[in-house]
Peer 1: 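One structure follows; several queries about it will come next.
Both counts, for ligands and for their atoms, begin at 1 and track the order of listing. None of these values were measured; they are calculated from a predicted model.
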Amino acid sequence: MASILPASNISMRPDKNTYGGKRFVHVKNPYLETMDEDILYHLDLGTKTHNLPAMFGDVKFVCVGGSPKRMKAFALLMHKELGLAEGGEDVEDICAGTDRYCMFKTGPVLSISHGMGVPSISIMLHELIKLLRHARCCDVTIIRIGTSGGIGIAPGSVVITDTAVDSFFRPRFEQVILDNIVTRSTELDKELVEELFTCSKNIPNFQTLIGHTMCTYDFYEGQGRLDGALCSFSREHKLDYLKRAYKAGVRNIEMESTVFAAMCGLCGLKAAVVCVTLLDRLDCDQINLSHDVLVEYQQRPQLLISNFIKKKLGLCDQIS
Ligand SMILES: O=P(O)(O)O[C@@H]1C[C@H](O)[C@@H](CO)O1
Ligand SMILES: O=c1cc[nH]c(=O)[nH]1
């Protein structure tokens with residue numbers, strides 16, 4: 001069968017997916033319409049087994065992050081900050097039938113874990129984007145709240161990504177499809193970056209900055225660490241690489257931003273990446289923070305995003 005995919009779609013963004021002023025979620029797969037049922041296997045949800053519009057139709061903000069505990073903590077924070085009445089002590093994991101991902105809903109905010117790395121977040125995003133489409137959601141903003149390694153900035157700083165770049169500092173994501181490499185743009189929403197940065201000025205407790213985020217396929221060799229099970233380069237090579245990354249505008253390194261930016265961009269979702277840095281990679285490779293500091297650092301992007309969401313909902317623009 002002839003391929004329905006362009007060889008390269010680096011500039012292929014949905015031109016206008018708005019209708020009557022609403023921004024709808026875009027799926028770009030002609031086969032989906034022909035399917036009688038869509039089983040979102042890794043989320044343990046489906047179009048025949050669940051009433052997706054009733055369950056998710058009011059979702060306006062989706063927050064994603066690697067760790068299930070972090071995403072549950074964020075859901076509990078949003079529950080408190082939005083002043084929701086029911087529950088409070090606990091929130092139900094909507095994906096409890098699977099242990100691949102967890103998902104919590106508090107009012108218009110969905111909080112989902114995605115595991116570590118490009119393949120894991122990519123599977124979750126395929127199913128999440130179809131879920132939002134099946135639920136007929138509109139005007140959705142999606143934000144990754146993660147951890148990262150900083151370059152040349154103080155540990156604990158929060159980086160709002162302006163551009164997600166690959167290991168060669170290029171603003172692109174390469175997806176292997178059949179035996180082709182399809183190159184996709186990793187452009188993020190500039191207006192959202194500015195809005196988040198403005199919001200961060202109300203939170204004096206930590207530094208927030210805008211910078212490029214490098215996405216790698218590995219935590220150790222892929223990020224130039226000298227402490228993995230394998231290492232075939234010198235300390236000098238490592239530092240030379242990280243300094244070149246800094247010069248190219250990279251301020252932090254993580255493992256999901258390029259595919260996140262590419263997929264959300266193609267599907268018409270306003271997307272942002274906000275990660276706290278756990279260490280300065282020019283100084284060290286090992287993460288030796290105490291448990292309490294690690295927990296507090298991970299709360300920083302959550303605090304920023306909860307303030308942003310409350311501001312967007314007209315609830316408040318100050319820290320609580
Ligand atoms: O959202 P998280 O904290 O999982 O993001 C980064 C990138 C990798 O998934 C992981 C590596 O420790 O942390
Ligand atoms: O150094 C780090 C820290 C967190 N996550 C990463 O991907 N790298």
Peer 1: Can you sort out which atoms of ligand 2 are near Ile253, meaning under 4.0 Å from one of its heavy atoms?
Peer 2: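 Within the 4.0 Å cut-off of Ile253, ligand 2 contributes 6 (C), 7 (O), 8 (N).
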Peer 1: For residues Leu82 and Met78, determine if any side-chain heavy atom of one lies less than 4.5 Å from a side-chain heavy atom of the other.
Peer 2: yes
Peer 1: Could you name the option among Gly146, Gly222, Ser148 that has the heavy atom nearest to atom 4 (C) of ligand 2?
Peer 2: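 Heavy atom nearest to atom 4 (C) of ligand 2 belongs to Ser148.
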Peer 1: Give me the pairs of N or O atoms, one from ligand 1 and one from the protein, that sit under 3.5 Å apart.
Peer 2:
| from | atom 1 | to | atom 2 | distance (Å) |
| --- | --- | --- | --- | --- |
| ligand 1 | 1 (O) | Gly66 | N | 2.9 |
| ligand 1 | 1 (O) | Arg70 | NH1 | 2.9 |
| ligand 1 | 1 (O) | Arg144 | NH1 | 2.7 |
| ligand 1 | 3 (O) | Arg70 | NH1 | 3.4 |
| ligand 1 | 3 (O) | Arg70 | NH2 | 2.6 |
| ligand 1 | 3 (O) | Thr147 | N | 3.2 |
| ligand 1 | 3 (O) | Thr147 | OG1 | 2.5 |
| ligand 1 | 5 (O) | Arg144 | NH2 | 2.9 |
| ligand 1 | 5 (O) | Thr147 | O | 3.4 |
| ligand 1 | 9 (O) | Glu256 | OE2 | 2.6 |
| ligand 1 | 13 (O) | Thr147 | OG1 | 3.2 |

Peer 1: What part of Leu279 sits under 4.0 Å from ligand 2 if we count only heavy atoms: the side chain, the backbone, both or neither?
Peer 2: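 Side chain only.
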Peer 1: Tell me who clusters with Met214, hydrophobic residues only, linked when side chains sit under 4.5 Å apart either directly or through other members.
Peer 2: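 Traced through the cluster, Met214 reaches Ile151, Val165, Phe169, Leu239, Tyr241, Leu242, Tyr246, Val250, Ile253, Leu282.
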Peer 1: Just to confirm my output: which protein heavy-atom neighbour is closest to atom 2 (C) of ligand 2, and how far is it?
Peer 2: Gly149 N, 3.3 Å
Peer 1: Quick check: Arg281 and ligand 2, any N/O pair under 3.5 Å apart?
Peer 2: no
Peer 1: Write out the residue and atom name of the closest protein heavy atom to atom 1 (O) of ligand 2, then the distance separating them to 0.1 Å.
Peer 2: Arg225 NH2, 2.7 Å
Peer 1: May I ask you to check whether Glu254 has an N/O atom sitting below 3.5 Å from an N/O atom of ligand 2?
Peer 2: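 Looking only at distances, the answer is no, because the N/O contact criterion of under 3.5 Å is not met.
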Peer 1: By number and element, which atoms of ligand 2 are closer than 4.0 Å to a non-hydrogen atom of Gln223?
Peer 2: 1 (O), 2 (C), 6 (C), 7 (O), 8 (N)
Peer 1: Donor-acceptor check, side chain of Arg281 to backbone of Gly224, threshold 3.5 angstrom: yes or no?
Peer 2: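 Yes.
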Peer 1: Donor-acceptor check, side chain of Asn252 to backbone of Gly149, threshold 3.5 angstrom: yes or no?
Peer 2: no
Peer 1: Heavy-atom distances under 4.0 Å are what count here, so tell me which part of Gln286 touches ligand 2: side chain, backbone, both or neither.
Peer 2: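 Neither part.
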Peer 1: Any chance you could pull the hydrophobic cluster mates of Met116, using side-chain heavy atoms under 4.5 angstrom and chaining through other members?
Peer 2: none
Peer 1: Nearest 0.5 Å please: distance from the NZ atom of Lys238 over to the CZ atom of Arg235.
Peer 2: 6.5 Å
Peer 1: Among residues at least two apart in sequence or on other chains, which ones pass side chain to side chain donor-acceptor pair (under 3.5 Å) with Arg100?
Peer 2: none
Peer 1: Between the main-chain N or O of Gly152 and the side-chain N or O of Arg251, is there a donor-acceptor pair closer than 3.5 Å?
Peer 2: no
Peer 1: Is the backbone of Val276 close enough, under 3.5 Å, to the side chain of Ser148 for a donor and an acceptor to pair up by distance?
Peer 2: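 Present.
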Peer 1: When rounded to the nearest 0.5 angstrom, what distance separates NZ in Lys190 from CD in Glu194?
Peer 2: 10.5 Å
